[in-house]
Amino acid sequence: MRLTTHELLERAERVAATAARKLPAPAQGVLHDLRDRARADDATPAITLDDAARQAIAILNSPDKNLRYDAQTHAIIERVFRDAAPGAIGIDVGCHEGLILRHLLEAAPDIEHLAIEPLPHLAAHLRSTFPSVAVHEVALVAEPDGPLEFQHVTSNPGYSGIRQRAFDRPDETVETISVATAQLDDLVPAEAEVALLKVDVEGAELGVFQGARATLERCRPVVVFESGLGAADIYGTTPEDVHGFFSDLGMKVSLLGTWLEDGPALRKDQYVRQFQDGINFYFAAHPS
């Protein structure tokens with residue numbers, strides 16, 4: 001059976017109600033996105049309800065962890081800003097094309113969130129696409145010392161970073177460019193209340209955290225971050241380093257899905273195993 005857009009929206013609500021009982025919380029966010037896309041364009045070709053439900057549910061059960069992490073991050077953003085103080089901001093470090101930034105703006109519109117993106121063409125795209133966002137064209141480090149060489153993976157910009165990380169494919173092309181550097185603490189307005197910080201910097205995350213210590217201590221945000229083998233280890237960062245950094249601040253580290261379910265945080269040995277065995281590479285740090 002084919003469905004009009006209106007019928008898809010109506011029935012997707014029923015799918016969401018059913019999915020919420022059977023799937024983790026992010027299913028709601030995935031289906032919300034599906035409805036928004038359909039609502040934005042009434043000319044969208046009709047699709048079957050089975051197709052709509054299959055698309056949404058597949059994301060949550062997908063072996064593609066990135067799809068699952070995006071859905072979970074969306075759900076975390078919605079929960080954090082539902083409970084955040086009025087005017088609280090989000091910061092997207094390694095913003096790329098703005099997928100997560102868009103979720104921040106949906107959860108807290110009319111707020112001047114911060115986006116950090118060192119690649120010039122992506123920073124320009126963010127400025128034009130999200131005019132209400134403060135975009136900083138820099139690489140975040142623990143101790144800035146002027147511009148540095150940055151590895152722009154032109155064939156796969158999402159793999160770009162201060163150092164060249166391990167690649168999944170043998171034929172990536174890399175161009176070395178010069179980018180400015182900064183500490184996050186120096187970019188966050190002194191009066192700003194930061195509710196959420198997302199960090200995806202292909203292995204350089206510990207330096208970002210170290211340069212954000214004052215902000216983390218003052219604001220106690222939820223930190224959604226990527227860290228895993230093939231990237232963090234290129235910088236000499238160990239999982240003990242990351243877990244210890246947050247522990248020193250009185251913060252815990254959890255899996256994204258576990259945080260959404262109010263489950264237990266990861267002990268250091270559990271986090272080390274997640275990292276070393278490649279079980280998961282996206283995590284949430286949060287106040288105890």
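None of these values were measured; they are calculated from a predicted model. These values consider heavy atoms only, across backbone and side chains, with no hydrogens, waters or symmetry-generated copies.
When every heavy atom of Ala123 is checked against every heavy atom of Val135, the shortest pair comes out as O-CG1, 3.9 Å. Contact detail for Gly203 and Tyr235: the closest heavy-atom pair is O-CD1, 3.2 Å. For the residue pair Phe150 and Ser160, the shortest heavy atom distance occurs at CE2-CB, 3.7 Å. Smallest separation of non-hydrogen atoms from Ile89 and Ala192: CD1-CB, 4.0 Å. Contact detail for Arg267 and His243: the closest heavy-atom pair is C-NE2, 3.7 Å. Leu256 and Ala284 make their closest contact through CD2-N, 3.7 Å (heavy atoms, listed as atom of the first residue, atom of the second, distance).
Judged by a 6.0 Å distance limit and a 45° cone about the ring axis, Arg102 is not positioned over the six-membered ring of Phe130.
Between Thr176 and Gln151, the side chains place a donor N or O and an acceptor N or O closer than 3.5 Å (distance only, hydrogens not considered). A donor atom on one side chain and an acceptor atom on the other are found under 3.5 Å apart for Thr238 and Asp241. For the 3.5 Å distance criterion, the side chains of Ser254 and His286 qualify, holding a donor opposite an acceptor.
Taken from CG in Leu229 to CD in Gln276, the straight-line distance is 5.5 Å, to the nearest 0.5 Å. Note: Gln270 CD to Leu255 CG = 9.0 Å, rounded to the nearest 0.5 Å. The distance from the CD atom of Glu78 to the CG atom of Leu104 is 11.0 Å, given to the nearest 0.5 Å. Interatomic distance, Asp185 CG to Gln210 CD, rounded to the nearest 0.5 Å: 11.5 Å. A distance of 9.0 Å separates CZ in Arg165 from CG in Asp233, rounded to the nearest 0.5 Å. Put simply, OG on Ser132 and CD on Glu112 are 7.5 Å apart, with the number rounded to the nearest 0.5 Å.
Val133 places none of its side-chain heavy atoms less than 4.5 Å from the side chain of Leu126. Taking the side chain as every heavy atom from C-beta outward, His113 and Leu105 approach each other to under 4.5 Å. Residues Asp92 and Leu197 are not in side-chain contact: their nearest non-hydrogen atoms beyond the backbone lie 4.5 Å or more apart. Side-chain atoms of His103 and Asp70, non-hydrogen and from C-beta on, never get closer than 4.5 Å to each other. Contact annotation: the side chain of Ile116 never approaches that of Cys95 to less than 4.5 Å [non-hydrogen atoms, C-beta and beyond]. The shortest distance between side-chain heavy atoms of Ser178 and Leu148 does not fall below 4.5 Å. In this structure, Val179 and Glu137 have side chains that are not in contact, with every pair of non-hydrogen atoms separated by 4.5 Å or more. Contact annotation: the side chain of Leu140 never approaches that of Thr181 to less than 4.5 Å [non-hydrogen atoms, C-beta and beyond].
Using a 4.0 Å cut-off between charged nitrogen and carboxylate oxygen, Arg163 and Glu202 do not count as a salt-bridge pair. Residues Arg79 and Asp262 are paired through a salt bridge, judged by an N-O separation under 4.0 Å between the basic side chain and the carboxylate.
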> Hey, mind stepping through Ile100 and His74 against side chain to side chain contact (heavy atoms under 4.5 Å, CB included) and telling me if it holds?
Replying inline: CA-CA 7 Å; Ile100 301 304; His74 186 186; over 6 Å; no
>> Walk me through whether Leu260 and Gln72 qualify under side chain to side chain contact (heavy atoms under 4.5 Å, CB included).
In response: CA-CA 8 Å; Leu260 285 164; Gln72 291 171 333; 4.1 Å; yes
>> The test is side chain to side chain contact (heavy atoms under 4.5 Å, CB included); show your working for His136 and Leu114 and say whether it passes.
In response: CA-CA 8 Å; His136 296 276; Leu114 269 63; 4.3 Å; yes
>> For a side-chain hydrogen bond (donor to acceptor under 3.5 Å, both in side chains) check, start with the C-alpha distance between Glu175 and Thr154, then their side-chain angles and the critical distance, and finish with the verdict.
In response: CA-CA 7 Å; Glu175 173 190 19; Thr154 56; 5.8 Å; no
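In this structure, Phe283 and Tyr271 have perpendicular ring planes: the angle between them is above 60°, well past the 30° mark.
With hydrophobic clusters built from ILVMFWY side chains whose heavy atoms lie under 4.5 angstrom apart, Val222 does not share a cluster with Leu266. Tracing side-chain contacts under 4.5 Å through hydrophobic residues (I, L, V, M, F, W, Y), one never reaches Tyr159 starting from Ile234; they form parts of separate clusters. By the rule that hydrophobic residues join a cluster once side-chain heavy atoms approach within less than 4.5 Å of another member, Ile91 and Val201 end up as members of one cluster. When hydrophobic clusters are built by joining Ile, Leu, Val, Met, Phe, Trp and Tyr residues whose side-chain heavy atoms come closer than 4.5 Å, directly or via intermediates, Val194 is grouped together with Phe246. No continuous path of hydrophobic side-chain contacts links Val223 to Leu196 [ILVMFWY only; heavy atoms under 4.5 Å].
Annotation: Asp145, atom CG; neighbour count of heavy atoms from other residues, nucleotides and ligands within 6.0 Å does not exceed 12. Within 6.0 Å of atom CZ in Arg273, 12 or fewer heavy atoms from other residues, nucleotides or ligands are found, so the atom counts as exposed in its surroundings. Within 6.0 Å of CD on Glu240 lie more than 12 heavy atoms contributed by other residues, nucleotides or ligands. Heavy atoms of other residues, nucleotides or ligands lying less than 6.0 angstrom from CG of Asp110 number 12 at most.
Checking side-chain atoms of Asn280 against main-chain N and O of Gln274 turns up no donor-acceptor pair under 3.5 Å. Checked by atom type and distance alone, the side chain of Thr258 never pairs as donor or acceptor with a backbone atom of Gly263 at under 3.5 Å. In terms of modelled atom types and a separation under 3.5 Å, the side chain of Asp200 and the main chain of Gly94 share no donor-acceptor contact. A side-chain donor-acceptor contact under 3.5 Å links Glu117 to the backbone of Leu119.
Side-chain rings of His152 and His121 approach one another, their centers coming within less than 6.0 Å. The aromatic ring centroids of Tyr69 and Phe281 lie less than 6.0 Å from each other.
Under the ring pair (Phe, Tyr, Trp, His ring centres under 6.0 Å) test applied with Phe225, the options Phe209, Tyr282, Phe275, Phe245 reduce to a single match, Phe209.
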